[in-house]
Number of protein chains: 2
Amino acid sequence: MMQESDRSPPSETTPHSHADPPRRASVGAAALARAAGLFRAAGDPSRLRLLELLLQGELCVSEISELTSDDLSTISQRLRVLRTEHLVIRRREGKHVFYALADGHVADLLRAVLAHASEPATTHPDGD
Amino acid sequence: MMQESDRSPPSETTPHSHADPPRRASVGAAALARAAGLFRAAGDPSRLRLLELLLQGELCVSEISELTSDDLSTISQRLRVLRTEHLVIRRREGKHVFYALADGHVADLLRAVLAHASEPATTHPDGD
DNA sequence: CGAACAGTTGTAGAGTTGTTCAAGTGTTAG
DNA sequence: CTAACACTTGAACAACTCTACAACTGTTCG
């Protein structure tokens, strides 16, 4: 094997400044930051757990606190992060505040990723 | 709209220890941790940018470094995080190492979230 | 009104993360 | 074998994050 390049690797020695293909960003920097924020909000096990709970329906802070055995204020803080990234919405009913997933997109996203993560370990015979 | 409470809010004073509905976790703790890891890996603007670039095709580290004007080792570190969470895969070809999205699920997930984040701001007239 | 309940928010400290520089590994060419 | 290139990894440090306690706001009840 000698002509390893039939897919156009970077030139030879200095692959730069003379012909960049149309590899522009498909989304703006702001959208990218919002998306990253969303991912980061979901990227904590305890917060993800809350989202998972809400996947099954609306809950108020004290109910969640009961279910997870965590401090009320801890739950509130976690929900705040999720709310900041628009992953959940809030609704007040008397003394209680009920939280729910923001919309169907969020629910779909969660279901997809949780399913993916629950899949068997996919033992690659060759990969790492 | 008056009898707002037909959805069973938490009891009255102390909603606990006597009748918890089937609100068990749908996924195990390990799956939850994997999912959170995945989200966290994608939850950084610079790493998400890399994923976005890879959405358009395989790239080697130096190409990415060129495109983003970041240090080669910085790119490598970022890719390592993505690889640890199985978001990207690696392939060696001579002196170059090419990275690509791990699979279609990842590509779909990215497209979905980036599209969601690019949507108009959804000005809620009543929400917060 | 004031007490009690439900949540939120300020804050501090432990822990985690991201970047960079330096040094190391793997691959090809001479 | 040596040099050069392409990347990876180790270490250090600033920046950020998560939790829990305390103090505060909002709501209902008597």
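Here is the naming used below: chain letters follow the sequence lines, and residue numbers restart at 1 for every chain. Side-chain atoms are counted along with the backbone in the values below, which use heavy atoms only and exclude waters and symmetry mates.
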Below the 4.0 Å mark, does [N] have OP1 or OP2 next to a side-chain nitrogen or oxygen of [X]?
| X | N | value |
| --- | --- | --- |
| B/Arg40 | D/dT17 | no |
| B/Arg90 | D/dC7 | no |
| A/Tyr99 | C/dT8 | yes |
| A/Ser46 | D/dC18 | no |
| B/Ser65 | D/dC7 | no |

Rounded distance in Å - [atom1] ([X]) to [atom2] ([N]):
| X | N | atom1 | atom2 | value |
| --- | --- | --- | --- | --- |
| B/Glu85 | C/dG18 | CD | P | 11 Å |
| B/Phe98 | D/dA6 | CZ | P | 11 Å |
| B/Asp70 | D/dC7 | CG | P | 15 Å |

**Sequence neighbours excluded - salt bridge (charged side-chain N to carboxylate O under 4.0 Å, His left out) pairs with any residue from residues 29-41 of chain B** =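 Residue pairs passing salt bridge (charged side-chain N to carboxylate O under 4.0 Å, His left out), neighbours aside: none found.
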
**Request:** Name every residue in residues 71-82 of chain B that has at least one heavy atom under 4.0 Å from any atom of DNA chain D, in order of residue number, or write none if there are no such residues.
**Result:** B/Leu72, B/Ser73, B/Ser76, B/Gln77, B/Arg80

side-chain contact (heavy atoms from CB on, under 4.5 Å) involving [X] - partner list, sequence neighbours excluded:
| X | answer |
| --- | --- |
| B/Asp108 | B/Arg111 |
| B/Ala36 | A/Pro45, A/Leu48 |
| A/Thr84 | A/Arg80 |

**Prompt:** Is there a path from B/Val81 to B/Leu51 through hydrophobic residues (I, L, V, M, F, W, Y) whose side chains come within less than 4.5 Å of each other?
**Reply:** no

**Request:** Name all pairs fulfilling the ring-ring contact (aromatic ring centres under 6.0 Å, His included) condition that reach into residues 34-66 of chain A, sequence neighbours left out, sorted by first residue then second.
**Result:**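 Passing the test, one end in residues 34-66 of chain A: A/Phe39-B/Phe39.
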
